[in-house]
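Only one structure is covered here, and it is reproduced in the block below.
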Amino acid sequence: MIPPAFDYARPTSLDEAVRTLAEAGEDAKVLAGGQSLLPLLRLRLAFPELVVDVGRIPGLRGVREDGDTLVIGALTTHHEVIQDPLVRRHAGLLAHATETVADPAVRHRGTLGGSLAHADPAGDLPAVVLALEAELVAVGPGGRRTIPAREFFADYLQSTLAPDELLVEIRVPKRDGWGFHYEKFHRVAQSWAMVGVAALVRRDDGHIAEARIALTNMGATPLRAPAAEEALTGAGDAAAVARAAQSAAEGTRPSRDASASPEYRAHLARVLTKRAVLAATGMG
Amino acid sequence: MTHISVTVDGTTYEDEVEPRLLLVHYLRDRLGLTGTPIGCDTSNCGACTVELDGASVKSCTVLAVQADGGEVTTVQGLARDGEWTALQCAFHERHALQCGYCTPGMIMAARDLLRENPHPTSDEVRKGLEGNLCRCTGYQNIVRAVLAVAEGETAPAGQAASAREVTA
Ligand SMILES: Cc1cc2nc3c(=O)[nH]c(=O)nc-3n(C[C@H](O)[C@H](O)[C@H](O)COP(=O)(O)OP(=O)(O)OC[C@H]3O[C@@H](n4cnc5c(N)ncnc54)[C@H](O)[C@@H]3O)c2cc1C
Ligand code: FES
Ligand code: FES
């Protein structure tokens, strides 16, 4: 289908982009890679009056180090994230999970910032930044602000960004030495996660010293699984991991749709948490 | 209307386009390059895959204005002086198509795959082509064709071009 008509602006600086968004108010939509927005426009599920293409603003793309933190520009594509040596070394979970997003052509255009700002509970990367305890940096008319990942996702397809704010960078604490795995359950190649589990585990002396578990598609936003995290602490073998994973769905409210009931999703969360942690620790 | 300048298959075009115009419609309806088909409404099928600045993209999920200043290669821009590339020959020789609807996208995605990974395993070929759907072949011969190119097993282009004349 053909998208509804809209006006188009392609600002060449961050200042100009923020000004353009502020002047347009609620009727403007940011365009990054377009891999979520264009399908919505084509199906006429969104009707912006103005599309603000931020894709060519310099300085918002690429990865750099800042002490113990990796700074990833919001416009860095999925493809670039997967290839990046700094991401692979210090935030392996992000590279590994990004490889499961869509397909190569979509990954050439789609951006990390777009995936997060889109705030789709079925998207893979929101849970990943939650597990990594990343911080998201936004720029608006009032200047810069830093939002912890756990405060960034407000509701279904809704982030806490204001309409005139741009996500500019994602700051990921380095997790050298932590085991990681993203376990995604889907029925056919290239489809979205029915449920996904991001696991990040620090081991000490053969036991789990610290575990971070984040869940994809177990509610209107990505969620941490604090009960499972606590139960995993101290686990030293596969049987202990399996027992701890039983609490992975506690406190979640997964939805019902054509592919799964809430009960089935809860079952998946438990099974996938076990698989993800076993893979992350090498205990399996 | 927004002014764009795009190079497609080696020719540079200057045009005024509506911002909502999709790249695939620009290629097909404006430039008459109907070798790139549209297969779905959901960005899933990959039939419309072209190269934009050297990387595969789904041209139904890119605005023409986003391609401004860029270089696009479609399946129609691959052959040189009427001679097919090794991938095109391999698809022909290994029966990697039946109805042919998915073929332009498959070939463009396979080019991308081989550029990144010149010697893939058959699993890597399947994974690399996961964004491209084929309703006819069951994929077996598509994978074989791509592997044949990786292994340098395809016939010289001249031979394949004459095969085309025979079948045409
Ligand atoms: C066929 C297909 C399969 C897919 N499969 C998966 C999958 O398995 N897993 C998955 O996680 N995703 C999947 N996706 C989505 C894909 O990852 C998108 O690339 C991503 O969700 C959006 O990134 P984008 O840069 O294309 O954003 P856009 O489409 O440009 O924008 C998405 C939204 O975010 C806003 N936005 C974008 N950038 C910014 C910014 N810097 N600041 C403020 N707001 C911004 C836009 O206004 C819009 O509302 C799939 C997409 C397709 C087409
Ligand atoms: S027509 Fe573009 S992906 Fe199907
Ligand atoms: S040959 Fe018919 S869709 Fe692939």
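The shown structure was predicted, so the numbers you read here are calculated from the model rather than taken from an experiment. Order of the sequence lines sets the chain letters (A, B, ...), proteins ahead of strands, with each chain counted from 1.
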>> For a 4.5 angstrom cut-off between non-hydrogen side-chain atoms, does B:Leu52 reach A:Arg109?
In response: yes
> Any luck finding a side-chain donor-acceptor pair between A:Arg42 and B:Ser43 under 3.5 Å?
Replying inline: yes
>> Would you say that A:Phe6 contacts B:Leu63 through its side chain, given a criterion of any heavy-atom pair below 4.5 Å between the two side chains?
In response: yes
> With a 4.5 Å heavy-atom cut-off, do A:Leu38 and B:Lys58 have their side chains touching?
Replying inline: no
>> With a 6.0 Å cut-off (strictly less than), is the heavy-atom count around CD of A:Glu26, excluding the residue itself, greater than 12?
In response: no
> Considering only heavy atoms from C-beta outward, does the side chain of A:Gln83 approach that of B:Glu116 to under 4.5 Å?
Replying inline: yes
> Does B:Arg135 CZ have over 12 foreign heavy atoms under 6.0 Å away?
Replying inline: no
> Can you tell if the side chain of B:Asn132 reaches within under 4.5 Å of the side chain of A:Asp103, non-hydrogen atoms only?
Replying inline: no
> Under 3.5 Å, side chain of A:Gln35 to main-chain N/O of B:Thr61, donor-acceptor pair present?
Replying inline: yes
> Out of curiosity, B:Arg20 CZ to A:Asp7 CG, how far, rounded to the nearest 0.5 Å?
Replying inline: 11.5 Å
> Given the rule in the side chain to side chain donor-acceptor pair (under 3.5 Å) test, do B:Glu51 and A:His108 qualify, once you have shown the distances and angles that lead to the verdict?
Replying inline: CA-CA 10 Å; B:Glu51 250 166 54; A:His108 282 141; over 6 Å; no
> Considering only heavy atoms, which portion of B:Asp41 lies under 4.5 Å from any heavy atom of chain A: side chain, backbone, both, or neither?
Replying inline: both
> Non-hydrogen atoms of chain B under 4.5 Å away: do they reach the side chain of A:Leu31, the backbone, both or neither?
Replying inline: side chain
> Would B:Glu18 and A:Ile2 satisfy side-chain contact (heavy atoms from CB on, under 4.5 Å), going step by step from the backbone distance to the final call?
Replying inline: CA-CA 11 Å; B:Glu18 264 193 285; A:Ile2 295 170; over 6 Å; no
>> Quick check for you: to the nearest 0.5 Å, what is the distance between B:Asp112 atom CG and A:His79 atom NE2?
In response: 7.5 Å
> Is it the side chain or the backbone of B:Ala109 that comes within 4.5 Å of chain A heavy atoms, both, or neither?
Replying inline: neither
>> To the closest 0.5 Å, what do you measure between CD (B:Gln66) and CG (A:Asp53)?
In response: 5.5 Å
